[in-house]
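Per chain, numbering begins at 1; letters A, B, ... match sequence-line order. The model shown is predicted, which means the values in this text are computed figures rather than measured ones.
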Protein chains: 2
Amino acid sequence: MPLFQVSTRIQYGLRALAYLAGKDGPASATEIAGAEGIPGKYLEGILGQLTASGLLRSERGKNGGYRLSLPAAEVTVLSIVEALEGEIRPTECAAGPGACDHDLACLPRRFWLGLKTAVDEYLRSRTLLDVIDPAS
Amino acid sequence: MPLFQVSTRIQYGLRALAYLAGKDGPASATEIAGAEGIPGKYLEGILGQLTASGLLRSERGKNGGYRLSLPAAEVTVLSIVEALEGEIRPTECAAGPGACDHDLACLPRRFWLGLKTAVDEYLRSRTLLDVIDPAS
DNA sequence: TATAATCCTAGTATTCAGATAGGAATACTG
DNA sequence: CAGTATTCCTATCTGAATACTAGGATTATA
Ligand code: FES
Ligand code: FES
């Protein structure tokens with residue numbers, strides 16, 4: 001029903017990162033899942049993706065876990081979203097001309113690109129620190 | 001893959017309205033579908049929804065069809081989107097407290113509400129005329 | 001009466017988000 | 001070395017939603 005529904009991947013991922021931002025040492029997937037009420041195995045995959053994209057560092061073995069590789073203030077939400085879902089794009093043809101059978105000047109496309117820009121800017125202007133800071 | 005993918009309902013609906021905005025008399029679903037390359041019967045349903053919400057006026061019978069009930073400059077894209085998909089809401093809990101098991105002060109929620117606001121404002125600030133006007 | 005249109009209801013097909021399952025590789029600990 | 005806790009990898013399932021199709025009833029025009 002809603003125009004844009006943020007996937008649970010992103011919601012879970014953001015909450016997990018927020019949890020990690022409020023912690024010193026590493027936290028395991030199980031720990032975060034328990035604290036946030038997220039299915040453990042599912043979260044594992046999400047954290048793996050965030051690790052692969054460089055936002056997290058992982059340590060295997062006992063006492064291992066995940067930790068942020070950057071200070072929370074340097075992690076934009078846009079980078080989180082892109083790590084988990086790839087590029088933001090409201091329509092197929094927003095990717096570029098040719099995806100659609102319309103011509104270069106297609107007017108609706110320009111409109112949708114404007115929406116993408118607006119969303120991108122919001123996400124780029126907010127960091128993980130903003131998300132966890134009540135006074136922002 | 002993308003964070004927000006605009007549904008074909010909305011894309012088709014917007015293109016149909018743009019087509020109608022560039023025309024004087026009424027246009028039938030078949031005519032619009034042919035011109036825009038949209039499945040006819042599918043478009044019929046979309047146009048029906050736009051009619052029910054008051055954005056279009058329909059005339060039945062031969063030589064009937066659909067026409068805008070307002071000048072293009074007075075139709076915000078937000079009203080189009082809401083007519084076709086209901087309220088815009090990035091997460092369940094953005095609807096209000098209680099939808100989620102978190103407390104009132106849940107920080108991610110405030111972040112997502114901010115995103116909703118940014119999108120709403122973009123959509124409310126653009127009219128159908130902006131969409132079809134190259135110089136906007 | 002023939003035709004062209006909206007309107008109404010139901011059904012299908014495919015895709016995808018959201019999760020689950022099982023185990024292999026790795027690292028610490030006693 | 002044995003045990004345990006962790007990440008990592010791959011495969012599979014499922015429910016819901018999107019996108020579309022089908023058929024016809026109703027209404028107006030010519
Ligand atoms: S180019 Fe895709 S709708 Fe026009
Ligand atoms: S209230 Fe829904 S995530 Fe916090």
Side-chain angles (χ1 to χ4, degrees), chain A residues 1-16 20 25-34 36-69 81 84-86 89-92, chain B residues 1-16 20 23 25-69 81 84-86 89-92:
Chain A
M1 208 65 160
L3 164 64
F4 67 106
Q5 171 86 16
V6 174
S7 65
T8 60
R9 285 192 89 70
I10 294 185
Q11 294 184 56
Y12 291 168
L14 185 60
R15 278 159 62 188
L20 284 169
S28 73
T30 308
E31 174 186 342
I32 303 173
E36 291 286 333
I38 299 172
K41 276 295 201 180
Y42 189 37
L43 181 61
E44 245 183 51
I46 295 169
L47 294 174
Q49 222 175 329
L50 292 170
T51 304
S53 76
L55 288 175
L56 291 181
R57 292 187 153 191
S58 66
E59 287 160 37
R60 302 175 69 160
K62 201 172 179 182
N63 298 334
Y66 303 88
R67 67 180 76 213
L68 293 177
S69 28
V81 166
L84 290 175
E85 304 244 12
R89 160 169 47 103
T91 62
E92 279 305 319
Chain B
M1 210 60 163
L3 166 63
F4 67 108
Q5 171 85 20
V6 175
S7 65
T8 60
R9 285 190 90 71
I10 293 185
Q11 294 183 56
Y12 291 167
L14 185 60
R15 278 159 61 189
L20 284 169
K23 227 199 135 159
S28 72
T30 309
E31 173 186 343
I32 303 173
E36 290 286 332
I38 299 172
K41 275 295 200 180
Y42 189 37
L43 182 60
E44 241 182 61
I46 296 169
L47 294 175
Q49 221 175 329
L50 292 170
T51 304
S53 77
L55 288 174
L56 291 181
R57 292 186 154 192
S58 66
E59 287 160 36
R60 302 175 71 160
K62 197 170 180 184
N63 297 335
Y66 304 87
R67 68 179 76 213
L68 293 177
S69 28
V81 166
L84 291 175
E85 305 242 13
R89 160 169 48 102
T91 61
E92 279 306 319

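With sequence neighbours left out, the salt bridge (charged side-chain N to carboxylate O under 4.0 Å, His left out) criterion links B:Lys62 to no other residue. Residues that satisfy the salt bridge (charged side-chain N to carboxylate O under 4.0 Å, His left out) test with A:Arg57, not counting sequence neighbours, are absent from this structure. In terms of the side chain to side chain donor-acceptor pair (under 3.5 Å) criterion, residue partners of B:Glu31 (sequence neighbours excluded) are, by chain and number, B:Tyr19, B:Lys23.
For the pair A:Ile46 and A:Gly13, the tightest heavy-atom approach, listed with the atom from each and the gap, is CG2-CA, 3.9 Å. Residues B:Ala33 and B:Gly40 come closest through the heavy atom pair CB-CA, 3.7 Å. Here the closest heavy-atom approach between residue B:Ser69 and residue B:Gly54 is recorded as OG-O, 2.6 Å. Nearest heavy-atom pair, B:Arg15 versus B:Glu36, reported as atom, atom and distance to 0.1 Å: NH2-O, 2.6 Å.
Residue A:Lys62 places its side chain closer to C:dC28 than to any other of C:dC28, D:dA19, D:dA28. For A:Tyr66, whose side chain is taken as the heavy atoms from C-beta onward, the closest listed nucleotide among D:dC8, D:dA30, D:dC20 is D:dC8. Of the candidate nucleotides D:dT7, C:dT6, D:dC20, D:dC20 has the atom lying nearest to any side-chain atom of B:Thr8.
Comparing B:Ala29 and A:Arg9 by the nucleotide of DNA chain C that holds the closest heavy atom to each, the one mapping nearer the 5' end is B:Ala29.
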TODO: Classify every nucleotide of nucleotides 10-15 of chain D by which part a protein heavy atom approaches to under 4.0 Å, writing B for the base, S for the sugar-phosphate alone and - for neither, in 5'-to-3' order.
DONE: ------
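The closest side-chain heavy-atom distance from A:Leu47 to A:Ile32 is below 4.5 Å. A:Pro26 has its side chain out of reach of A:Tyr66: every pair of non-hydrogen atoms, C-beta onward, lies at least 4.5 Å apart.
A straight line from CZ of B:Arg67 to P of C:dA5 spans 14 Å, rounded to a whole angstrom. Between A:Ile38 atom CD1 and C:dA17 atom C1' the separation is 16 Å, expressed in whole Å. The interatomic distance linking B:Gln11 (CD) with D:dT18 (P) rounds to 14 Å, in whole Å.
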Just the atom pairs and distances: protein N or O near nucleotides 9-12 of chain C's N or O, under 3.5 Å.
none

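For C:dA19, the OP1/OP2 oxygens have a side-chain nitrogen or oxygen of A:Tyr12 closer than 4.0 Å. Applying the 4.0 Å criterion to OP1 and OP2 of D:dA30, one finds that B:Asn63 has a side-chain N or O inside that range.
Side chains of B:Tyr42 and B:Thr8: a donor-acceptor N/O pair is present below 3.5 angstrom, by distance only.
Here the straight-line distance linking atom CG of A:Leu55 with atom CG of A:Leu84 works out to 8.0 Å at 0.5 Å rounding.
Near DNA chain D, meaning a heavy atom under 4.0 Å away, the residues from residues 41-60 of chain B are B:Lys41, B:Tyr42, B:Arg60.
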